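Because the structure is a prediction, the values reported are computed rather than measured.
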Amino acid sequence: MSFIPPSGSDSIPFTVKVNSPYTGSKAPDIKAEFWKEGEATTSAGHAASVTALSDLANTTPAPTPASSVEVKGSIPVSSSDKPTTSTGKWTLKVSAYPDGSTTAVSSDTATFEVKAATRVTSANVDPDPVYLKSGKEVDVYAGFHLEKFGDEKITDVRLESKDSDDYYSLSTGLEADDSYHDSTSMDYSTSTGSWQLRISISRATKKYSFTKAFQVKKSGSSKAKSKITLYASPSKVKKGKATKLYGKVYRGSKAWSKKILKLYFKKKGTSKWKFVGYVGATSTGKYTKSVKPKYDGYWRTTAAATSLTSGSLSNIKFVDVK
């Protein structure tokens, strides 16, 4: 599998077989060039590295049999080489030049796929900063979206101090839409200073880490109030059909940017609320979640308190299932 690295540079290895390589006892000069997606192969290509194996060398007499030898090489690739689609088409051309000649005696061209780089978007730690409070635990939520273009696997997710060995391990599972949500609780003994959300991902034989910085401090400030609105559209649905739950979360009089909320449902005729899942607000505090209710019942969202902001419950919306 060939793909763009998410940062820095890398190489794509290749192996070619050179048929009838010798002219007398002289080994040919093997050169390779390549063209990225969208580049015309009629123009000069980019140089690829070629490393001749030990059995491709000038000898007297020429090796017997000398029908073919394998030559390895590599194509440089960097994070700036972004395909216009999830998979780009690149072209490789390998040519053999007899000893001292500028004219290729043979050449071969192949097209291969180069997939887009693994990306982590919308990485978020809530709250930021985290304010620790004596005698209490603070809930800390982490979220992100993994843009997958291959066989990416999350191997580790953690909140870790950049100034000490302190860290909190989180789960490695993704939601069906490749989004991620999990939380942990930090107590007053947690190290303060610079922290980061670290997401470790493997893809084929490569390993990558993505980070999102945040701060952990001691509390000493008063809390702001929060508020959540909730609407349902439509409020009457047929069983198996979806309704959209949406609203906005506020911190004080302003939007609570990227706040992660909890969604709850209570079946009509019962008294117990059931946790359904997480829903993340946008940078403007707006959130939306499509659900397919099986029963008549009530819905609401909640915002967990932080050291700077009080928690809150939304209004309750009833959805009638026909």
Side-chain angles (χ1 to χ4, degrees), residues 1-16 32-51 72-94 108-125 142-160 170-182 196-214 257-258 260 278-283 288-290:
M1 178 192 298
S2 302
F3 48 85
I4 306 293
S7 62
S9 59
D10 205 341
S11 61
I12 300 172
F14 65 86
T15 301
V16 296
E33 58 183 333
F34 67 96
W35 293 264
K36 303 174 186 177
E37 178 189 16
E39 295 178 340
T41 56
T42 53
S43 61
H46 309 278
S49 299
V50 174
T51 303
K72 293 184 177 182
S74 63
I75 298 168
V77 61
S78 73
S79 57
S80 60
D81 297 322
K82 297 179 179 178
T84 56
T85 59
S86 62
T87 301
K89 297 289 188 180
W90 289 29
T91 302
L92 172 67
K93 182 179 181 181
V94 181
D108 192 19
T109 301
T111 300
F112 60 100
E113 293 184 343
V114 179
K115 294 190 175 183
T118 301
R119 288 194 292 265
V120 169
T121 59
S122 304
N124 181 52
V125 177
F144 60 87
H145 185 269
L146 175 61
E147 295 189 22
K148 299 173 68 174
F149 298 103
D151 63 344
E152 291 93 336
K153 295 180 178 62
I154 297 178
T155 58
D156 186 62
V157 181
R158 61 177 59 192
L159 302 176
E160 60 183 19
L170 302 177
S171 65
T172 57
L174 287 173
E175 304 288 345
D177 61 353
D178 292 331
S179 65
Y180 176 93
H181 300 288
D182 198 11
Q196 64 187 9
L197 164 64
R198 177 180 292 276
I199 306 146
S200 300
I201 296 172
S202 66
R203 184 177 184 184
T205 60
K206 307 293 183 180
K207 298 182 185 300
Y208 302 110
S209 288
F210 300 84
T211 60
K212 172 68 174 180
F214 67 101
S257 176
K258 297 184 178 180
I260 297 174
Y278 296 100
V279 55
T282 66
S283 59
T288 182
K289 181 78 170 181
S290 291

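When all heavy atoms of Phe34 and Pro76 are compared, the pair lying nearest together is CE2-CD, 3.7 Å. Closest approach of Asp178 and Leu174 over heavy atoms only: O-CD2, 3.7 Å. In terms of heavy atoms, Ser78 sits closest to Ile4 at O-CG2, 3.3 Å. Closest non-hydrogen pair, Val94 versus Val16, comes out as CG2-CG1, 3.7 Å. Minimum interatomic distance between Ser7 and Ser79 (heavy atoms only, all atoms of both residues): CA-CB, 3.6 Å. In terms of heavy atoms, Glu113 sits closest to Ser2 at O-CB, 3.4 Å.
A donor-acceptor pair is defined here as one N or O able to donate and one able to accept, closer than 3.5 Å; such a pair exists between the side chain of His145 and the backbone of Asp177. Gln196 places no side-chain N or O within 3.5 Å of a backbone atom of Ala213 that could act as its donor or acceptor partner. Put simply, the side chain of Thr211 never gets that close to the backbone of Leu197: no donor and acceptor are under 3.5 Å apart. In this structure a side-chain-to-backbone donor-acceptor pair under 3.5 Å is missing from Trp35 to Thr42. Remark: side-chain polar atoms of Asp182 are paired, donor with acceptor, to backbone N or O of Ser171 under 3.5 angstrom. Put simply, the side chain of Asp10 never gets that close to the backbone of Pro5: no donor and acceptor are under 3.5 Å apart.
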Inset, instruction - Given side chain to side chain contact (heavy atoms under 4.5 Å, CB included), test Ile260 with His181 step by step and report yes or no. - result: CA-CA 8 Å; Ile260 297 174; His181 300 288; 4.1 Å; yes

Legend entry - side chain to side chain contact (heavy atoms under 4.5 Å, CB included) evaluation trace for Glu147 with Val120: CA-CA 6 Å; Glu147 295 189 22; Val120 169; over 6 Å; no

Inset, instruction - Carefully, step by step, assess Phe112 and Leu92 under the rule side chain to side chain contact (heavy atoms under 4.5 Å, CB included). - result: CA-CA 8 Å; Phe112 60 100; Leu92 172 67; 3.8 Å; yes

Inset, instruction - Step by step, work out the side chain to side chain contact (heavy atoms under 4.5 Å, CB included) result for Thr118 and Phe149. - result: CA-CA 6 Å; Thr118 301; Phe149 298 103; 5.9 Å; no

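Summarising the geometry, atom OG1 belonging to Thr172 is positioned 11.0 Å from atom CD1 belonging to Ile201; distances are rounded to the nearest 0.5 Å. How far OG of Ser200 is from NZ of Lys153: 15.0 Å, rounded to the nearest 0.5 Å. The CD1 atom of Ile199 sits 10.5 Å away from atom NZ of Lys212, with the distance rounded to the nearest 0.5 Å. Here the OG atom belonging to Ser9 is positioned 10.0 Å from the CG atom belonging to Asp81, to the nearest 0.5 angstrom. Residue Ser202 holds its OG atom at 8.5 Å from CD of Glu152, rounded to the nearest 0.5 Å.
Under the 4.5 Å side-chain criterion, counting only non-hydrogen atoms from C-beta, Ile12 is in contact with Val114. Between Phe210 and Arg119 the shortest side-chain heavy-atom distance does not fall below 4.5 Å. A 4.5 Å side-chain heavy-atom check between Val157 and Tyr180 finds at least one atom pair inside the cut-off. Ile154 has its side chain within reach of Phe144: a pair of non-hydrogen atoms, C-beta onward, lies under 4.5 Å apart.
By the side-chain hydrogen bond (donor to acceptor under 3.5 Å, both in side chains) test, Lys93 pairs with no residue at all, sequence neighbours left out. For Thr91, the side-chain hydrogen bond (donor to acceptor under 3.5 Å, both in side chains) criterion is met by no residue, not counting sequence neighbours.
Ring orientation note: the planes of Tyr208 and Phe3 are nearly perpendicular, at an angle over 60° on the 30°/60° scale.
By the 4.0 Å N-to-carboxylate-O rule, Asp156 lies too far from Arg198 to be salt-bridged with it. Residues Glu37 and Lys89 are not paired through a salt bridge, judged by the lack of any N-O separation under 4.0 Å between the basic side chain and the carboxylate.
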